[in-house]
**Student:** 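I have a structure here, written as structure tokens, and I will follow up with some questions on it.
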Amino acid sequence: MGVALRDLAADCRETVDLDALSGIAAIDAHNALYQFLSIIRQPDGTPLMSADGQITSHLTGLLFRTANLVEKGLRPVYVFDGTPPTFKQETIDQRREVRTRAGNAWKEALRVGDIAEAYKQASASARVDASIIGTAQELLTLLGIPWVQAPSEGEAQAAYMARKGSVRFAVSQDYDSLLFGSPVLVRNLTVSGRRKMRGRTITVSPERIVLDAFLDCLGITREGLVEIGILVGTDYHPGIKGVGGKTALKLVRGGEFESVIAERLPEFDPAPIKEFFLNPPVSDDYHLAWSPPDTAGVIEMLSGRFDFSPERVEGALEKFSVKARQKTLDQWF
DNA sequence: CAGACCAA
DNA sequence: TTGGTCTGT
């Protein structure tokens, strides 16, 4: 779905300066952690690790990105996934299989000395497991940054919080939060806009997609957007082979969703997936509060247990209190 | 990804 | 100020 919707979004989005963004941002925690784990690695693919072998790539990413967002006056809240719907199981199994294969290909690339291939395969083998999630939550708590446990999909919970007005926008690289009804989605929420693409470094700005404008731009309703997602494929079903964004948009606008599903996928009932996007399990059981970081606790964790340089950690922590208060006029804590 | 450092 | 390279754990 990601690629297909990106094509449709091309003319219906706006790039924004990070400084123009303010307020509370509900960040898709799984999406952020996965990115950190896949990208923050040594050239041969080895992730950053403490001396005793615990992976720390996600903690590095989380610390510095959160510090930067806070310094810019944004208030992040991280939303963690809960129990996935049963119809996601096939996708989950497939992804595990792909990761396992990539892990083997990583070892093989190292054996033959292909460093670039090793990095690529290592990235693809990245897995957000329980210890990654646990240490991420522990760090956020020490940083004084709230996190929310979603009952089901994190993107659905983030969208619900945005719709309620608890947060100003959802943050993810995926488009799912729009299908879940988030009024605003921000992608590429990074500070240094540099990104390596095919060897070259290009500048990437945050990208804001406003749901109502997006739907107007495409001439569809939110239900129609969900139908497009189902046709091109979602986390819950592969969709119809050969149908991309353009074709899906045409079919949905022509009211042919049901008929083309009946014709091409007679065994498939899209109703539960449609219902899941339009009315997902969400929770009101959250409380958003930001507090100054527990400086000693963060250093104890990151430097004491994970071998981070205390100087680097302290430098990041400074962005949470001093500068943040200087930069924002309104009371922050 | 983000920070540190260096060169143009 | 911008862009490149190296490093972080």
Side-chain angles (χ1 to χ4, degrees), chain A residues 2 15 17-19 21 25 27-74 76 78 106 110 115-116 118-129 131-136 138-140 142-143 145 171-174 186-207 293 297-320 322-324 327:
Chain A
T15 57
D17 195 272
L18 182 58
D19 296 311
L21 295 170
I27 302 176
D28 176 359
H30 186 276
N31 185 260
L33 293 175
Y34 178 77
Q35 269 191 317
F36 295 145
L37 284 174
S38 56
I39 291 164
I40 304 177
R41 287 172 184 269
Q42 294 174 358
D44 71 351
T46 309
L48 300 191
M49 288 183 298
S50 58
D52 59 352
Q54 302 173 88
I55 291 177
T56 55
S57 297
H58 62 303
L59 299 176
T60 301
L62 201 53
L63 173 69
F64 290 114
R65 175 168 306 170
T66 305
N68 282 325
L69 297 181
V70 165
E71 189 187 31
K72 289 284 183 186
L74 282 159
Y78 287 84
W106 176 20
L110 284 177
I115 297 299
Y119 183 91
K120 187 178 150 193
Q121 296 297 342
S123 292
S125 75
R127 177 164 177 258
V128 179
D129 64 15
S131 79
I132 297 292
I133 291 168
T135 49
E138 183 184 358
L139 178 59
L140 288 172
L142 290 169
L143 291 173
I145 300 297
V171 177
S172 179
Q173 290 305 102
D174 297 335
V186 173
R187 302 179 67 247
N188 303 333
L189 187 65
T190 60
V191 175
S192 84
R194 298 178 311 191
R195 187 163 301 181
K196 280 152 287 186
M197 291 280 285
R198 293 187 296 276
R200 304 215 180 281
T201 317
I202 60 164
T203 309
V204 177
S205 303
E207 170 186 309
V298 172
I299 292 171
E300 203 175 287
M301 176 187 181
L302 295 183
S303 300
R305 285 163 46 207
F306 293 100
D307 303 324
F308 280 54
S309 147
E311 291 77 17
R312 275 168 66 86
V313 175
E314 279 160 17
L317 287 174
E318 276 173 22
K319 296 184 176 183
F320 281 80
V322 188
K323 286 189 179 175
K327 279 205 166 186

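All heavy atoms count here, side chains included; hydrogens, waters and symmetry mates do not. Below, chain A is the first sequence line, B the second, and so on; all start at residue 1.
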**Student:** Only pairs at least two apart or in different chains count here, so list each salt bridge (charged side-chain N to carboxylate O under 4.0 Å, His left out) that has a residue in residues 40-61 of chain A.
**Tutor:** none

**Student:** If I take atom CZ in residue A/Phe36 and atom C1' in nucleotide B/dG3, what distance separates them, rounded to the nearest angstrom?
**Tutor:** 14 Å

**Student:** Report the distance from atom CD of A/Gln42 to atom P of B/dC1, rounded to the nearest whole Å.
**Tutor:** 18 Å

**Student:** Is there a side-chain polar atom (N or O) of A/Arg312 under 4.0 Å from OP1 or OP2 of C/dG8?
**Tutor:** no

**Student:** Do A/Ser123 side-chain atoms and A/Ser38 backbone N/O form a donor-acceptor pair below 3.5 Å?
**Tutor:** yes

**Student:** Does A/Asn68 put a side-chain nitrogen or oxygen below 4.0 Å from OP1 or OP2 of B/dG3?
**Tutor:** yes

**Student:** Assign A/Ser57 to base, sugar-phosphate, or nothing according to its heavy-atom contacts below 4.0 angstrom with the strands shown.
**Tutor:** nothing

**Student:** For A/Arg312, which residues count as a salt bridge (Lys or Arg N to Asp or Glu O under 4.0 Å) partner, sequence neighbours excluded?
**Tutor:** none

**Student:** Can you tell which of B/dC1, C/dT9, B/dG3 lies closest to the side chain of A/Thr56?
**Tutor:** C/dT9

**Student:** Take atom CG of A/Leu33 and atom P of B/dC1, then tell me their distance rounded to the nearest Å.
**Tutor:** 15 Å

**Student:** What is the distance, to the nearest angstrom, from the NZ atom on A/Lys72 to the C1' atom on B/dA2?
**Tutor:** 14 Å

**Student:** Measure from CG on A/Asn31 to P on B/dC1 and round the result to the nearest Å.
**Tutor:** 12 Å

**Student:** Rounded to whole Å, please give me the gap between CZ in A/Phe308 and P in B/dG3.
**Tutor:** 13 Å

**Student:** Just the rounded figure in Å: distance from C1' of C/dT7 to CD1 of A/Ile39.
**Tutor:** 16 Å

**Student:** Measuring to OP1 and OP2 of B/dA2, would you say a side-chain N or O of A/Lys319 lies under 4.0 angstrom away?
**Tutor:** no

**Student:** CG of A/Leu302 to OG1 of A/Thr135: how many Å apart, nearest 0.5 Å?
**Tutor:** 9.5 Å

**Student:** In whole angstrom, give the distance that lies between atom CE of A/Met49 and atom P of C/dG8.
**Tutor:** 13 Å

